[in-house]
Enquirer: 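After the structure tokens below, expect a handful of questions from me.
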Amino acid sequence: MTKLYMQYKVLFLFLLIANVAFGQSKKTLDQTTYNSWKSLTGESISPDGKWFGYEIKNKASYQVLLLGNQVKLDTIYRGANLQFSSDSRFSTYITTSDSTGKNRAFVLRNMLTGEVVDFKGPSFIMASFIKSSPSLLQLIRKGKVDSPVVAKPGLTKPVLVKPGLATKPTKVTSLNCLVLYNPVSKDSVVFESVMKHKYSDDYKYLMLLQKEKNLTRLSLYHIPSGQKKTVASGNINYTLATFSENTDRLAYLSESIVAKDTLYKIYIVKTKGGQILDSVSNLTKGLPLGYRLSGNEQLSFSSNGEKVYFKARPNVVKDTVIKKKALVDIWKWDNATIPPMDKRGVGMRSSDFYQYFISSRKAVQLSDTEVPYLQFPSGDDESISIAFSDLKYQRLVGIEAGKLYDSYIVDMKTGNRKLALERKYYTPKISYDKQYISWYEPADSAWYSMNTKTLEKRNLTRDIKDIFYNDELDMPMHSTHYGDAGWDSENHWFLVHSKHDLWKIDASGKNAAVCLTQEIGRKQGIVFRYIKPKKTERYIDLSKTQYFTAFQSKTKKDGYYVLKPGGIFEKLVLSDHTYGGLEVSENGTACLWRKGDFTEYPELYYSDLNFKDIKKVSITNPQQKEYNWGTSELVEWESFNKDSLQGILVKPENFDPNKKYPMVVYFYEKRSDLLHRYNPPLAIKSVVNWSYMASNGYLVFIPDVVFRTAEPGASSYDAIVSGVQSLTTRYNFIDKERIGINGHSWGGYQSAYLITKTNIFKAAVAGAIVSNMTSAYGGIRWETGQSRMFQYEHTQSRMGVTLWDNPLAYMRNSPLFGLPNIKTPVLMMHNDQDGSVPWEQGIEFFNGLRRLNKPAWMLNYKGEGHLLQKKENLEDFTRKVMGFFDYYLKDASKPDWM
């Protein structure tokens with residue numbers, strides 16, 4: 001027994017030493033990993049839930065498509081853009097021979113047999129399935145033709161017609177050949193010389209504009225029957241086209257040039273026979289004299305197909321006399337806007353909305369110069385809608401925390417409107433039955449409804465024992481909310497998020513409010529948020545299954561819950577991970593979703609809808625096991641201001657508590673919710689990469705910051721420095737003499753401020769610094785053209801007053817005035833095309849440090865903006881940041897550029 005015991009002991013020691021040696025031999029992340037690290041994108045599930053696929057690629061040349069089911073996945077090199085047919089029998093995707101996209105082929109794959117058909121050649125530009133058919137495939141190939149013979153639609157073998165077989169053209173025009181290919185019968189329908197085309201929403205009709213010898217022909221093709229009808233021919237062109245909801249009508253906006261003037265006309269067509277039913281022109285009854293149709297802004301039908309919505313504008317006669325004018329911008333004190341805003345399109349008048357009644361052949365104006373914005377109605381009842389105007393408040397853009405609006409209720413029959421809400425930060429939404437509108441009222445932090453006929457208001461959330469306003473907002477601005485999900489799709493139940501839950505509230509007040517999430521959120525500290533199945537969804541069908549994200553604020557657990565018909569609300573998953581990308585098959589039998597954490601890439605999972613039969617179906621970065629990575633943990637402390645705060649501490653994977661580690665502190669508002677976020681090794685756009693730093697032997701501390709009005713600098717100090725002191729007191733493995741700081745933009749400001757107040761940081765990297773609030777206050781955010789004043793008075797800078805109300809507070813919070821106190825070496829980045837923070841702010845800070853003979857370096861990547869974009873600049877900045885920190889925090893040799 002003793003001999004056997006000794007053998008096991010020797011074996012155990014051998015394995016232990018081997019494991020330690022293996023751990024020590026893991027590679028460190030370096031710049032060679034940027035382009036090789038892979039990402040998963042393009043995930044898709046078939047309508048029947050049996051098949052799925054996804055792409056894995058990197059920034060170099062690696063690109064694969066994985067396609068199959070939970071039993072077997074095929075690897076298709078250089079595959080992309082996966083789609084499934086409506087019957088799930090077929091898929092299509094693109095393949096190329098190299099990273100340049102050469103030798104592209106569209107591949108049609110039989111999912112049952114694995115048989116593939118390649119549509120090769122550089123002329124192919126598109127392949128997609130037609131939704132109205134089980135498996136009909138649309139193929140488009142480009143060609144250059146002048147006067148080809150138009151192929152008559154009909155069933156032929158799938159030989160794709162080559163354009164250009166006619167006599168040598170005198171004038172070459174780029175046209176397309178459109179093919180509808182049936183993979184079951186292997187027959188095809190060919191349309192040549194296609195200039196433009198459009199499908200109805202149900203894909204039963206195809207509108208075609210084709211070129212013939214001396215004319216163009218507009219026609220309608222009915223896909224199920226194969227019948228094609230000519231709508232118009234001659235010198236035809238159109239800019240917009242739309243089908244009615246039930247596809248019995250088509251409207252298109254024709255374009256013609258008369259005496260160098262472009263004129264537009266709307267034609268309304270009966271789709272079944274192709275006959276033109278009606279038209280709308282500049283002379284249509286109801287259009288003001290001197291107005292003309294707008295060519296490319298709006299064209300749509302009402303839900304019942306009886307009205308057409310379009311836009312028109314006053315006719316502007318251009319000055320034909322060429323005059324040499326002075327190039328000057330005039331800034332007028334009493335103008336609603338300033339020239340930089342004008343150049344960004346702020347305040348520019350758009351065309352007016354109109355609707356055309358087909359039965360009465362009359363146009364009715366819905367918006368004008370005073371009220372330019374209109375929300376188009378949706379649903380069975382389209383008698384009422386909402387219009388908005390911000391014109392009275394444009395002078396306050398760049399001053400107030402947000403835009404202000406007046407809202408009107410519009411009678412869609414007459415165009416008459418009545419003022420409903422005045423000077424509100426939030427625009428209302430209208431119920432499905434059009435009886436109520438809803439909006440958030442900052443004055444009393446509550447949600448309201450209004451009867452659209454009587455204009456009677458009702459406070460919807462006053463009597464509900466829950467929090468509907470953002471109680472953690474620390475900016476000196478109006479009250480904000482947690483968002484609404486919208487209205488139900490039947491009556492006038494309004495669905496609104498509280499801090500944790502989702503409530504269903506009767507806008508009329510007749511029925512008691514119902515918590516759809518059963519108040520689990522409030523009781524367990526879980527934030528539930530409704531997942532829209534479609535981004536365009538306006539009304540919610542509660543008779544169908546609905547899904548929710550779930551996030552537990554205290555623990556950072558993440559997951560999904562489900563609301564089933566009948567009001568059953570159940571947990572699907574909640575764990576110490578991040579979840580995302582939930583995609584449910586059309587038949588509701590299976591789903592795809594992503595799960596990851598700090599150490600594992602967000603991989604793809606396939607499961608049933610109850611998350612019971614789960615299978616991991618991707619491994620994106622198997623090479624990660626070869627590298628020393630990192631771990632993340634949640635830390636808590638009390639700030640100098642007695643606030644209870646959280647943060648993240650990132651450690652190297654091969655962490656040894658008996659060693660001393662340098663630490664870099666990064667911050668931006670609150671980041672502790674990102675505890676489980678995966679951080680792929682990427683070159684630095686602005687701030688350090690957490691995984692990269694950990695792999696290179698650094699600790700990274702990411703503290704949350706809460707702010708007090710007029711004290712953004714002191715608030716930062718209280719939160720960040722207290723966090724650093726708490727950790728260094730608690731953990732001996734942090735080297736107190738080797739702590740760096742890193743921030744960008746608002747974080748750059750905080751970094752600059754902190755090093756004027758403390759010497760605990762041995763090196764600072766700060767980007768896009770606001771160094772002088774007194775000069776930045778009156779500047780311009782060039783990306784929007786707006787004044788920067790709102791940022792200081794109401795939002796992120798949190799001063800709460802104008803510069804003239806409290807100039808000393810602006811100076812007290814400006815790092816520039818504390819430069820003599822700085823003893824920390826600073827590396828700055830501020831680029832000359834920064835549209836968010838004027839780069840002169842960085843110059844002020846650098847020149848001040850230079851004048852005071854303090855060590856500072858400033859990088860200007862010429863032509864770059866607020867964040868770096870160019871690959872060479874990203875990699876160069878990463879080298880410089882790492883070299884700077886390594887020099888000051890690791891005693892590495894001094895980089896040459898320093």
Enquirer: Who are the salt bridge (charged side-chain N to carboxylate O under 4.0 Å, His left out) partners of Glu43, not counting sequence neighbours?
Expert: Arg594
Enquirer: Among residues at least two apart in sequence or on other chains, which ones pass ring pair (Phe, Tyr, Trp, His ring centres under 6.0 Å) with Phe388?
Expert: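 Expected list: none.
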Enquirer: Taking side chain to side chain donor-acceptor pair (under 3.5 Å) as the test, write out the residues that go with Asp278, two or more places apart.
Expert: Tyr356
Enquirer: Going by ring pair (Phe, Tyr, Trp, His ring centres under 6.0 Å), name the residues that satisfy it together with Tyr436, two or more places apart in sequence or in a different chain.
Expert: His492
Enquirer: Among residues at least two apart in sequence or on other chains, which ones pass salt bridge (charged side-chain N to carboxylate O under 4.0 Å, His left out) with Glu297?
Expert: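 Checked Glu297 against salt bridge (charged side-chain N to carboxylate O under 4.0 Å, His left out); matches are Lys311.
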Enquirer: For Thr247, which residues count as a side chain to side chain donor-acceptor pair (under 3.5 Å) partner, sequence neighbours excluded?
Expert: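 Testing Thr247 for side chain to side chain donor-acceptor pair (under 3.5 Å), a comparison that skips the adjacent residues, returns Asp202.
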Enquirer: State which residues pass side chain to side chain donor-acceptor pair (under 3.5 Å) with Ser91; sequence neighbours excluded, sorted by chain then number.
Expert: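 Per chain and number, Ser91 pairs via side chain to side chain donor-acceptor pair (under 3.5 Å) with no residue.
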Enquirer: Just jot down the side chain to side chain contact (heavy atoms under 4.5 Å, CB included) partners of Ser359, sequence neighbours excluded, or say none.
Expert: none
Enquirer: Can you name the residues that form a salt bridge (charged side-chain N to carboxylate O under 4.0 Å, His left out) with Lys616, not counting sequence neighbours?
Expert: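 By the salt bridge (charged side-chain N to carboxylate O under 4.0 Å, His left out) rule, Lys616 matches Glu600.
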Enquirer: Can you list the residues that meet the ring pair (Phe, Tyr, Trp, His ring centres under 6.0 Å) rule with Trp487, with sequence neighbours excluded?
Expert: Phe494
Enquirer: Tell me, please, which residues at least two apart from His577 pass side chain to side chain donor-acceptor pair (under 3.5 Å).
Expert: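 By the side chain to side chain donor-acceptor pair (under 3.5 Å) rule, His577 matches Ser575.
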Enquirer: Excluding sequence neighbours, so at least two apart, what forms salt bridge (charged side-chain N to carboxylate O under 4.0 Å, His left out) with Lys544?
Expert: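 Checked Lys544 against salt bridge (charged side-chain N to carboxylate O under 4.0 Å, His left out); zero matches.
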